[in-house]
Structure formats: C-alpha cells, structure tokens
Amino acid sequence: MSRWTELTGEASGEEYAARFAALARGGQDVHGEARFCAALVPAGARVLDAGCGTGRVMIRLAELGYDCVGVDLDASMLAVARRQAPGLPWFRVDLAEFDPALLGIAGDFDLVVAAGNIFPLLAPGTEAAVVGHLAAALRPGGLLVAGFGLDEAHLPVPPGLTLPDYDDCCAAAGLALVDRFATWDADPYDGGGYAVSVHRLQLP
C-alpha cells in the first residue's frame, strides 16, 4: 500500500481540489508547476502527468497547447479531474506498473512531470520501479521532472527518500541530472527541504 493511500484512504479528491480553488480565489499562483514545465519543452510537446491527482497541472498545460496524458491511482482525485476536463485522457493506474502500451497509448513522451510529493508517497521500496517505468515512457532526450519534500516541514509523512537515493534510481534508469531547484519558480537549490529535479534520458 502506498503512503498516500495510508494517509488519505484515497478519498480526498474533493477536499484537495477545494483547497487549491480557495488559494486561487485568494490570488495565489497555483500554476507554478505548469509554468516550470512549459519553460522546458515547447507547446505541442507530449507530457505525461504522473500522479496527476485532480488534474490541476495537466489541465493548465493542456490549455497552453500541450498534448497531455494523466495517470493516478486515487479514484477520488481522478473523478475530480474527469469532471473538470472530461475531454482529456485520464487513466487509473499504479505507477509501479505503468506501461503506456497496456493503456493503448504511445510512449515517447517529451516530458514526464511528477509534482505533489509523488515519490515520497509511493509504497516504500517501489521508487526505483516507478522511475524505471517513467523513464521507459520517455523518448531519448526526454525529461523527467519531479518535485518533492525532503523533511518533515515539507511532507505529510516521515521523510524517507533522499536526493542521493532518487538520483541513484534515475541513474539506474538511464537518466542524468540536468538541474535542481528549490522551488517550481526555479529558485536555486541550496540544500533545503524541498527540491525540483530535472533529469534527462540519455541518448542510446
């Protein structure tokens, strides 16, 4: 069982969506992740939102002209995403078993984004498998972008996955670190408790 399922019971979709809607109404920017991704690949690029949740990031990227696919295991989150954007492709799948061919979609994504503490909230011990599946869905030269907390101040669960651990998983999957930031606004990473990492799938 994933840490996310233990934490939420996979029943928090409406609450999660309402929280971000309130932030947006209050004037806060809720599209930092989408803006970050849009700076990496041009409009029209194929983007996989891995752990898409209620679709906040993917819906914005689709509005900006990206060809997007969203996958998540939490049915309550996907229900919100499908209601908000019924025309977009949403799939319920465990990232540890993700295979585009089994879903009837093409791989060769230009970018895979995993926002919202996806990796620390996986089932313990599946991190390497998930990175491997996501890397396999990228075209050569494609990018994997992941932002997640590293300490108790930035996580709803006790911290487990470290950046060296994550980099090792990426290296084993053929991904090389391109850059690392402290926020989705691309502030320089200085060793703090949150990191946004950009890895590139190496050319064969």
Side-chain angles (χ1 to χ4, degrees), residues 3-4 7-8 12 15-43 45 47-66 68 70-72 74 77 81 95 109-122 127 130-131 134-135 138 142-171 175-201:
R3 285 178 152 193
W4 173 258
L7 185 69
T8 67
S12 63
E15 178 184 349
Y16 188 90
R19 178 160 60 91
F20 277 95
L23 291 173
R25 286 194 302 271
Q28 292 201 37
D29 177 18
V30 297
H31 295 304
E33 299 99 327
R35 186 171 56 251
F36 183 95
C37 293
L40 295 175
V41 291
V47 177
L48 174 69
D49 190 345
C52 61
T54 59
R56 176 177 53 87
V57 177
M58 176 168 144
I59 291 170
R60 179 58 178 160
L61 284 170
E63 290 172 347
L64 294 173
Y66 291 86
C68 300
V71 295
D72 203 289
D74 188 327
M77 304 284 268
L95 291 177
F109 286 94
D110 297 292
L111 184 144
V112 173
V113 56
N117 284 322
I118 300 303
F119 283 99
L121 294 172
L122 294 171
E127 297 89 354
V130 170
V131 171
L134 297 182
L138 285 168
L143 300 172
L144 171 61
V145 179
F148 54 86
L150 302 163
D151 59 20
E152 292 185 1
H154 295 86
L155 287 170
V157 296
L161 184 68
T162 67
L163 285 179
D165 291 338
Y166 178 67
D167 286 342
D168 286 346
C169 291
C170 288
L175 296 156
L177 182 65
V178 175
D179 216 335
R180 180 162 282 143
F181 304 92
T183 68
W184 291 99
D185 290 324
D187 295 318
Y189 182 69
D190 59 1
Y194 189 88
V196 179
S197 304
V198 181
H199 288 78
R200 186 182 304 278
L201 184 65

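- Scanning for side chain to side chain donor-acceptor pair (under 3.5 Å) contacts around Tyr166 gives an empty result, with sequence neighbours left out.
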Check step by step if side chain to side chain contact (heavy atoms under 4.5 Å, CB included) holds for Ile118 and Leu95. CA-CA 10 Å; Ile118 300 303; Leu95 291 177; 3.8 Å; yes
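- Residues that satisfy the salt bridge (Lys or Arg N to Asp or Glu O under 4.0 Å) test with Asp179, not counting sequence neighbours, are absent from this structure.
- Applying the side chain to side chain donor-acceptor pair (under 3.5 Å) rule to Asp167 yields the partners Arg180, His199; only residues at least two apart in sequence or on another chain are considered.
- Atom CG of Leu134 sits about 9.5 Å away from atom SG of Cys170, to the nearest 0.5 Å.
- Looking at Asn117, its side chain never comes within 3.5 Å of a backbone N or O of Phe148 through a donor-acceptor pair.
- Annotation: the span from Leu161 atom CG to Leu122 atom CG amounts to 8.5 Å, rounded to 0.5 Å.
- When all heavy atoms are compared, the tightest approach of Ala81 to Gly55 is CB-N, 4.0 Å.
- Separation of atoms CG (Asp49) and CG (Asp72) is listed at 8.5 Å; rounding is to 0.5 Å.
- Between Val196 and Thr183, every side-chain heavy-atom pair lies at or beyond the 4.5 Å cut-off.
- Counting heavy atoms from C-beta on, the side chains of Leu201 and Leu144 never come closer than 4.5 Å.
- The CG atom of Leu138 lies 7.5 Å from the CG atom of Leu111; values are rounded to the nearest 0.5 Å.
- Between Trp184 and Val145 the shortest side-chain heavy-atom distance falls below 4.5 Å.
- Annotation: the span from Phe119 atom CZ to Cys169 atom SG amounts to 8.0 Å, rounded to 0.5 Å.
- Residues meeting the salt bridge (Lys or Arg N to Asp or Glu O under 4.0 Å) test with Arg35, sequence neighbours left out: Asp29, Asp185.
- In this structure, Ala50 and Val112 approach most closely via the heavy-atom pair CB-CG1, 4.0 Å.
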Step-by-step side chain to side chain contact (heavy atoms under 4.5 Å, CB included) determination, Phe36 to Val198: CA-CA 11 Å; Phe36 183 95; Val198 181; 3.8 Å; yes
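- For Glu63, the salt bridge (Lys or Arg N to Asp or Glu O under 4.0 Å) partners at least two apart in sequence or on another chain are Arg60.
- By the side chain to side chain donor-acceptor pair (under 3.5 Å) test, Asp168 is found to be paired with no residue, residues two or more places apart in sequence or in another chain being considered.
- The closest side-chain heavy-atom distance from Val113 to Val47 is below 4.5 Å.
- Residues Tyr66 and Val41 form a side-chain contact, since some pair of their non-hydrogen atoms from C-beta on lies under 4.5 Å apart.
- The two residues Leu155 and Gly149 have their closest heavy-atom pair at CD1-O, 3.5 Å.
- Counting heavy atoms from C-beta outward, Leu163 and Leu150 have side chains that approach closer than 4.5 Å.
- Cys52 SG to Leu61 CG: the interatomic distance, rounded to the nearest 0.5 Å, is 12.0 Å.
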How far apart are the C-alpha atoms of Tyr194 and Tyr189, what are their side-chain angles, what is the distance that settles it, and do they pass the ring-ring contact (aromatic ring centres under 6.0 Å, His included) test? CA-CA 8 Å; Tyr194 189 88; Tyr189 182 69; 9.3 Å; no
